[in-house]
**Q** 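Sharing a structure here in structure tokens format.
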Amino acid sequence: MNKSNPKTSSDNYDVVVVGAGFSGMYLVKKLRDLGLNFVILEQGGDVGGTWYWNRYPGARCDIPTVEYSYSFDKELEQSWDWEELMAAQPEILTYANQVADNYDLRDAMRFNTRVASADFDENENSWTVVTDTGDEYLARYFIMATGCLSVPNWPDIEGREDYAGRTIHTGLWPHEKVDFTGLRVGIIGTGSSAVQSIPEIAATAKQLKVFQRTPVYTFPAGNHPLDDDFRADIKARYEDIRETQRGSLGGMAMFGVMGRLQEVGTEKIADCSEEERERRLVEEGLPSLRRYADVGLDLEANELACDLYRRHIADIIDDPETAKALMPRGYPMGCKRQVVDIGYYEAFNRDNVSLIDLREDPIERINESGVCTASGQHDVDVLIYATGFDAMTGAINNVSITGRSGTKLKDKWENGPRSYLGLQIAGFPNLFTVTGPGSPSVLSNMLVSIEQHCDWITDCIHHLNSNGLNTIEAEQQAEDQWVKHVFEVADGTMLTAPSCSSWYLGVNIPGKPRVFMPYVGGVGNYRAKCSSVAANGYEGFKLG
Ligand code: NA7
């Protein structure tokens with residue numbers, strides 16, 4: 001096997017990659033297979049990306065992990081025994097480490113290395129990538145494999161720095177176990193990270209106060225341990241499963257609750273009687289609400305489903321005030337990324353858990369001892385920020401990227417990200433983004449989309465090298481048309497409803513333009529488009 005050897009700074013590489021998550025890891029394998037000289041720069045201390053950083057209690061995959069795994073390694077598919085349907089973070093990180101060991105991936109990686117800037121040299125057709133310690137890496141191709149949810153969002157709440165207790169962000173969780181025994185804990189946020197961690201923290205903390213701004217629609221994860229029969233069945237038909245994933249809407253072959261959510265039927269909720277809706281909810285559980293044909297398309301139908309959802313909360317939460325506060329209102333189900341949980345609502349029936357509804361009782365400031373809301377002071381020993389990420393563009397914009405004619409990417413993206421297929425950006429030759437904005441990315445099984453992008457990008461580099469070419473750049477017109485198409489397919493869905501504020505739209509970050517970023521047209525359609533673009537001589541790209 002051809003191995004790359006990271007060299008000293010100012011060396012010339014064929015490719016510089018940023019990020020050693022699942023994308024960067026697979027790129028090592030692919031770039032080595034091409035015999036290229038490359039280096040992976042990673043700000044973390046090891047491989048794993050999301051799973052390296054998000055070590056909070058309860059962190060786990062929200063889709064079945066038999067599907068959220070590499071397909072390129074057939075031996076690993078057969079030898080790896082996933083313990084649960086939706087594996088917990090430690091198991092996924094162990095899996096990532098196993099892959100890194102099997103392929104000696106770390107040989108190609110430089111950890112604890114943060115990239116500060118990247119500049120395209122039009123004379124040399126090369127990128128100069130500079131780290132925050134001033135090391136320089138020159139390369140023909142520059143790949144941002146920086147993940148979609150990798151820049152934690154610290155909310156700008158007055159007095160945040162004054163707090164004297166322990167502060168932790170779920171997306172930057174310490175490596176050693178955090179023991180909450182006997183402690184008063186506060187958690188800000190009720191998105192996926194909070195929903196996963198609240199039941200776990202509640203089990204050991206003396207007291208847990210949940211500061212909720214927007215109640216969440218969450219469905220039971222349906223997680224369970226896997227037995228040998230289940231695993232043997234999957235292993236026997238992995239080929240088919242992968243094939244189905246690649247042609248599907250969300251990159252999944254339909255296991256577990258998320259798969260069932262995708263199974264939209266033909267029946268409309270608006271056409272069903274009250275009794276029929278209730279009956280289906282009892283028999284099929286909450287996923288029945290998303291399976292009606294009209295719930296994803298019609299706001300009135302959606303509201304019927306939301307109403308049933310709220311009644312379901314009233315049934316499971318003991319305290320009526322808490323139940324009322326937990327009921328999502330004013331935005332449609334399906335506008336945000338679907339959260340799945342294990343015992344989230346049940347946690348609010350514990351004596352040591354209380355909910356502070358920030359819509360009624362807003363945070364006034366954070367002070368030395370805790371959080372001060374309109375109704376009074378909440379002293380806590382640990383304050384957890386489960387406040388999400390600067391999604392999709394955060395990590396790319398964190399690097400000062402300069403393309404042709406001194407154009408800054410941040411300026412080009414001032415009114416929202418623009419790219420051709422989420423792979424390349426006009427004016428920025430030889431820069432590729434893995435699962436970039438404008439691709440299915442976060443609306444899909446990330447592993448399926450990551451493999452597809454890494455295959456496409458490395459095939460492209462191989463094509464250029466084989467044909468004596470050394471630049472590729474998205475054409476402005478192709479980019480404009482693709483951006484238009486991305487908006488068109490999202491239009492009319494719950495994802496872009498006027499009442500929706502999600503990180504897909506960037507509205508969780510103050511000042512970020514409200515622009516829908518991922519591609520909703522489906523993994524299968526998108527894959528076919530990328531393949532045909534390549535087959536037609538990289539249609540929409542200028543090769544030079
Ligand atoms: P999310 O889904 O962005 O959730 C962040 C939560 O933090 C959400 O409830 C926010 O409320 C809340 N938040 C953010 N800023 C504030 C302030 N200033 N005050 C109060 N509450 C605030 O991030 P997660 O980490 O949970 O999940 C991200 C993805 O990771 C998830 O979709 C999975 O794919 C894995 P808001 O809704 O904005 O009112």
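First listed ligand is number 1; within each ligand, the first listed atom is number 1. Bear in mind that the values here come from a model prediction, so they are computed numbers and not experimental data.
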**Q** Which residue holds the protein heavy atom closest to atom 39 (O) of ligand 1, what is that atom called, and what is the gap in Å?
**A** T214 OG1, 2.4 Å

**Q** Please tell me whether Y217 and Y309 form a close aromatic pair, meaning their ring centres lie under 6.0 Å apart.
**A** yes

**Q** Can we call the ring centroids of H175 and Y52 under 6.0 Å apart?
**A** yes

**Q** Hey, does the side chain of R60 reach the backbone of M86 with a donor-acceptor pair shorter than 3.5 angstrom?
**A** yes

**Q** Heavy-atom distances under 4.0 Å are what count here, so tell me which part of F389 touches ligand 1: side chain, backbone, both or neither.
**A** side chain

**Q** Atom 31 (C) of ligand 1: which protein heavy atom is closest, and how many Å away?
**A** S192 CB, 3.5 Å

**Q** Going by the atom numbers of ligand 1, which of them fall below 4.0 Å from some non-hydrogen atom of G189?
**A** 6 (C), 7 (O), 9 (O), 12 (C)

**Q** For the side chain of D390 and the backbone of V151, is there at least one donor-acceptor N/O pair under 3.5 Å apart?
**A** no

**Q** Any chance you could measure T170, atom OG1, to N54, atom CG, to the nearest 0.5 Å?
**A** 6.0 Å

**Q** Classify the contact between L358 and ligand 1 as side chain, backbone, both or neither, using a heavy-atom distance cut-off of under 4.0 Å.
**A** side chain

**Q** Is any N or O atom of D62, backbone or side chain, closer than 3.5 Å to an N or O atom of ligand 1?
**A** no

**Q** For K336, counting its heavy atoms only, list the atoms of ligand 1 lying under 4.0 Å from any of them.
**A** 37 (O)

**Q** Test of understanding: given a 4.0 Å heavy-atom threshold, classify the contact between Q212 and ligand 1 as side chain, backbone, both, or neither.
**A** neither

**Q** Considering only the protein, which heavy-atom contact is closest to atom 25 (O) of ligand 1, and what is its distance?
**A** S193 OG, 2.6 Å

**Q** Does atom NZ of K412 have more than 12 heavy-atom neighbours from other groups under 6.0 Å away?
**A** yes

**Q** Would you check whether N508 has a nitrogen or oxygen atom less than 3.5 angstrom from a nitrogen or oxygen atom of ligand 1?
**A** no

**Q** Determine whether M446 and T435 make a side-chain contact, defined as any pair of heavy atoms from C-beta on separated by less than 4.5 Å.
**A** yes

**Q** Tell me which protein heavy atom sits closest to atom 28 (C) of ligand 1, plus the residue, atom name and distance to 0.1 Å.
**A** W503 NE1, 3.9 Å

**Q** At a non-hydrogen distance cut-off of under 4.0 Å, which region of A386 contacts ligand 1 (side chain, backbone, both, or neither)?
**A** backbone

**Q** How far is atom 29 (C) of ligand 1 from its nearest protein heavy atom, and which residue and atom name does that atom have?
**A** L149 CD1, 3.8 Å

**Q** Is W82 close to I92 at the side-chain level, that is, under 4.5 Å between some pair of heavy atoms?
**A** yes

**Q** Could you say whether the N/O atoms of T190 and ligand 1 ever approach to under 3.5 Å?
**A** yes

**Q** What protein heavy atom sits nearest atom 38 (O) of ligand 1, and how far away is it?
**A** R213 NH2, 2.9 Å

**Q** Starting from atom 34 (O) of ligand 1, what is the nearest protein heavy atom, named by residue and atom, and what distance separates them?
**A** R337 NE, 2.7 Å

**Q** Ring centres under 6.0 Å, that's the criterion: do H169 and Y56 meet it?
**A** no

**Q** So that I know where these two stand, are H453 and Y526 an aromatic pair - ring centroids less than 6.0 Å apart?
**A** yes

**Q** What is the nearest protein non-hydrogen atom to atom 20 (C) of ligand 1, stated with its residue, atom name and distance?
**A** I188 CG2, 3.6 Å

**Q** For G191, take its heavy atoms, then give the atoms of ligand 1 lying under 4.0 Å from any of them.
**A** 2 (O), 4 (O), 6 (C), 8 (C), 9 (O), 26 (O)

**Q** Between Y95 and W51, is the ring centre distance below 6.0 Å?
**A** no

